[in-house]
Amino acid sequence: MPAPLKLVDTTPELPDAADAVVIGGGIVGVFAAYYLARRGLKVALVEKGRIGAEQSSRNWGWCRQQNRDARELPMATKSLDLWERFAAESGEDTGFRRCGLLYLSDSEEELAGWARWRDFARTVGVTTHMLDSAQATERGRATGKPWRGGVFSPTDGTADPASAAPAVARAILKLGGTVHQSCAARGIETEGGSLSGVVTEHGTIRTKTAILAGGAWASSFCRQLGIRFPQAAIRSSILAVSPGAIGLPDALHTAAVSVTRRADGGYTLAISGRGRVDPTPQQLRFSPQFLPMFVKRWRSLAPGGLEGFRSGHETLALWRLDEPTPMERMRILDPAVDKATIHLTHSRALDLLPALKDTSIAAAWAGYIDSTPDGVPGIGEIAAIPGFILAAGFSGHGFGIGPGAGHLIADIVTGSEPIVDPHPYHPDRFRKSAWGKVADF
């Protein structure tokens with residue numbers, strides 16, 4: 001079974017013109033469109049498949065500050081407030097709640113790393129609590145074992161991946177924006193070197209501003225425009241179990257397995273960082289830039305198969321604007337599940353949390369996590385094409401910081417005071433090496 005996802009209505013008519021067009025209906029794209037619409041702009045959101053159907057519905061649902069890279073922490077902090085405010089502003093429910101996130105460990109090295117992050121976080125006003133052995137064992141009593149220590153971040157929380165992007169899309173419609181599913185953006189048009197329109201499979205929308213929030217498809221789209229955006233996708237597999245387990249933490253991370261309570265009372269199970277590398281032409285092209293990332297994280301990665309070639313999201317091919325593109329042949333990236341990972345994840349979860357033995361596997365799915373060489377997203381206007389803004393490469397962190405990213409994009413478009421410093425995210429940094437700059441978490 002695929003990842004659960006709620007449906008959203010599609011606007012029947014494509015507009016002739018818009019103040020801004022957002023390409024991609026994942027969590028970043030919908031929040032960008034939402035904050036633009038709240039500022040009174042006429043916004044059109046185009047999505048080749050369904051709203052939230054790729055990685056935005058296939059993640060854990062964590063909305064965290066804990067263990068964020070210093071470059072992402074300000075956006076994570078702002079995002080928590082925006083997640084909370086969205087429900088009051090829109091009347092829509094993303095399932096967000098500040099349930100707190102619990103980390104448990106028996107590794108002195110890991111605990112020392114968390115303590116260093118705690119000390120750094122204090123300098124920017126973020127509260128996180130280191131737990132001694134007794135406290136960690138008490139909070140982790142559902143495991144039935146003692147722990148050397150842990151961390152509890154009380155202001156962090158989770159949202160529902162099945163509901164979040166659709167909820168924001170509905171809010172866009174309420175504000176007068178339009179949402180177009182099964183409507184792939186094939187490319188752009190320019191006049192005098194500046195963006196003048198977005199070409200879709202159903203027609204062209206005249207606009208001076210386009211935001212590319214295309215997830216794992218962003219680099220191949222940029223290639224059509226002569227923009228070099230280094231990006232590589234990792235295939236990650238996770239599963240969900242049925243309701244029935246009692247007394248588990250809402251969100252728990254350990255080195256062996258991580259567990260998150262779902263909206264239906266079941267749990268999502270995953271192994272943090274574990275994934276398959278499916279070779280593609282794009283990965284080979286950018287492999288030198290990703291060497292620092294691979295050196296840092298190779299222990300979590302394993303060779304994949306031909307899923308990437310079949311999916312077509314990392315092609316080096318150029319396509320025409322008047323013919324179907326790879327995005328129309330693969331409306332929704334739905335790669336094969338790594339059965340060995342699912343078996344290992346479930347086995348580890350049953351060993352860690354005996355209460356899960358009262359549940360059964362309800363679904364398992366895979367998704368492509370789009371990464372940048374340093375593990376930090378690329379957000380900013382591309383100087384070569386005024387009006388074209390990139391927002392991609394969220395490296396598995398996009399769901400939690402989606403509201404902050406969307407707000408920042410709206411700030412850039414409207415020339416407003418940015419919600420966070422935009423410089424650490426600008427794509428120009430990819431011209432330089434990532435050695436010494438790869439995100440720790």
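All of these numbers come straight from a predicted model, not from anything done at the bench.
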With rounding to the nearest 0.5 angstrom, report the [atom1] to [atom2] distance, [X] to [Y].
| X | Y | atom1 | atom2 | result |
| --- | --- | --- | --- | --- |
| Met293 | Phe286 | CE | CZ | 14.0 Å |
| Lys208 | Ser194 | NZ | OG | 9.0 Å |
| Leu111 | Leu104 | CG | CG | 9.5 Å |
| Asp334 | Ile332 | CG | CD1 | 7.5 Å |
| Thr128 | Gln65 | OG1 | CD | 9.0 Å |
| Leu80 | Lys78 | CG | NZ | 11.5 Å |

| message | Checking Thr268 against Arg262: is there a side-chain donor and acceptor pair closer than 3.5 Å? | response |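 Thr268 and Arg262 do have a side-chain donor-acceptor pair below 3.5 Å.
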| field | Flag for Ser153-Arg64: side-chain donor and acceptor within less than 3.5 Å | value |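 Arg64 vs Ser153: no donor-acceptor pair found between side chains.
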N/O donor-acceptor pair under 3.5 Å between [X] side chain and [Y] backbone:
| X | Y | value |
| --- | --- | --- |
| Trp117 | Arg68 | yes |
| Thr137 | Trp147 | yes |
| Trp319 | Gln224 | no |
| Ser56 | Ile27 | yes |
| Asp156 | Gln66 | yes |
| Ser311 | His313 | no |
| Thr280 | Phe309 | no |
| Arg429 | His426 | yes |
| Ser287 | Leu284 | yes |
| Gln231 | Ser219 | yes |

Are the side chains of [X] and [Y] in touch, meaning some heavy atoms are under 4.5 Å apart?
| X | Y | result |
| --- | --- | --- |
| Ser416 | Arg39 | yes |
| Leu82 | Ile419 | yes |
| Phe229 | Leu390 | yes |
| Thr414 | Leu41 | yes |
| Val8 | Arg50 | no |
| Val124 | Pro74 | no |
| His397 | Glu72 | yes |
| Asn59 | Ile238 | no |

Taking all non-hydrogen atoms of both residues, which atom of [X] and which atom of [Y] are closest, and how far apart?
| X | Y | value |
| --- | --- | --- |
| Val241 | Leu356 | CG2-CD2, 4.0 Å |
| Ala232 | Phe290 | N-CZ, 3.4 Å |
| Asp119 | Thr123 | O-CG2, 3.6 Å |
| Ala251 | Gly100 | CB-O, 4.1 Å |
| Leu212 | Ala218 | CD2-O, 3.8 Å |
| Ser258 | Ser272 | OG-CB, 4.4 Å |

| Does the side chain to side chain contact (heavy atoms under 4.5 Å, CB included) test come out yes or no for Ile412 and Ile379, once each step is laid out? | CA-CA 10 Å; Ile412 293 170; Ile379 305 172; 4.3 Å; yes
| request: Evaluate the criterion side chain to side chain contact (heavy atoms under 4.5 Å, CB included) for residue pair Leu239 and His346; output intermediate values, then yes/no. | output: CA-CA 8 Å; Leu239 69 144; His346 193 226; 4.1 Å; yes
| request: Count the heavy atoms belonging to other residues, nucleotides or ligands that lie under 6.0 Å from NZ of Lys6, then report whether that count exceeds 12. | output: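 No, not enclosed.
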| field | Over 12 non-hydrogen atoms of neighbours within 6.0 angstrom of NZ in Lys145 | value |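 Check passes, neighbour count above 12.
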| Taking it one step at a time, do Ile23 and Phe221 satisfy side chain to side chain contact (heavy atoms under 4.5 Å, CB included)? | CA-CA 10 Å; Ile23 302 168; Phe221 191 99; 4.1 Å; yes
Is [X] salt-bridged to [Y], cutoff N-O under 4.0 Å?
| X | Y | answer |
| --- | --- | --- |
| Asp250 | Arg98 | no |
| Glu328 | Arg186 | yes |
| Arg261 | Asp160 | no |
| Glu54 | Lys48 | yes |
| Asp421 | Arg71 | no |

| Check: Tyr103 ring centre within less than 6.0 Å of His253 ring centre |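 Under 6.0 Å, so yes.
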| Mind checking whether Tyr368 and Trp217 have ring centres under 6.0 Å apart? |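 Judged by ring-centre distance (under 6.0 Å), Tyr368 and Trp217 do not meet the cut-off.
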| task | For side chain to side chain contact (heavy atoms under 4.5 Å, CB included), just list the numbers for Asp374 and Asp69, CA-CA rounded to whole Å, side-chain angles, deciding distance to a tenth of an Å, and then say yes or no. | result | CA-CA 11 Å; Asp374 59 10; Asp69 184 87; over 6 Å; no
| task | Check the pair Phe152 / His129 against ring-ring contact (aromatic ring centres under 6.0 Å, His included), numbers first and verdict last. | result | CA-CA 5 Å; Phe152 183 66; His129 303 301; 7.1 Å; no
| query | Phe31 vs Tyr34 aromatic rings, parallel, tilted or perpendicular, using cut-offs 30° and 60°? | reply |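 Ring orientation, 0 to 90° scale: perpendicular.
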| Applying the side chain to side chain contact (heavy atoms under 4.5 Å, CB included) test to Arg223, which of Gln282, Arg228, Arg285 qualifies? |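 Exactly one candidate clears the test, Arg285.
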| message | Given Phe399, which partner from the list Phe96, Trp60, Trp83, Phe394 fulfils the ring-ring contact (aromatic ring centres under 6.0 Å, His included) test? | response |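 Between Phe399 and the candidates, ring-ring contact (aromatic ring centres under 6.0 Å, His included) is satisfied uniquely by Trp83.
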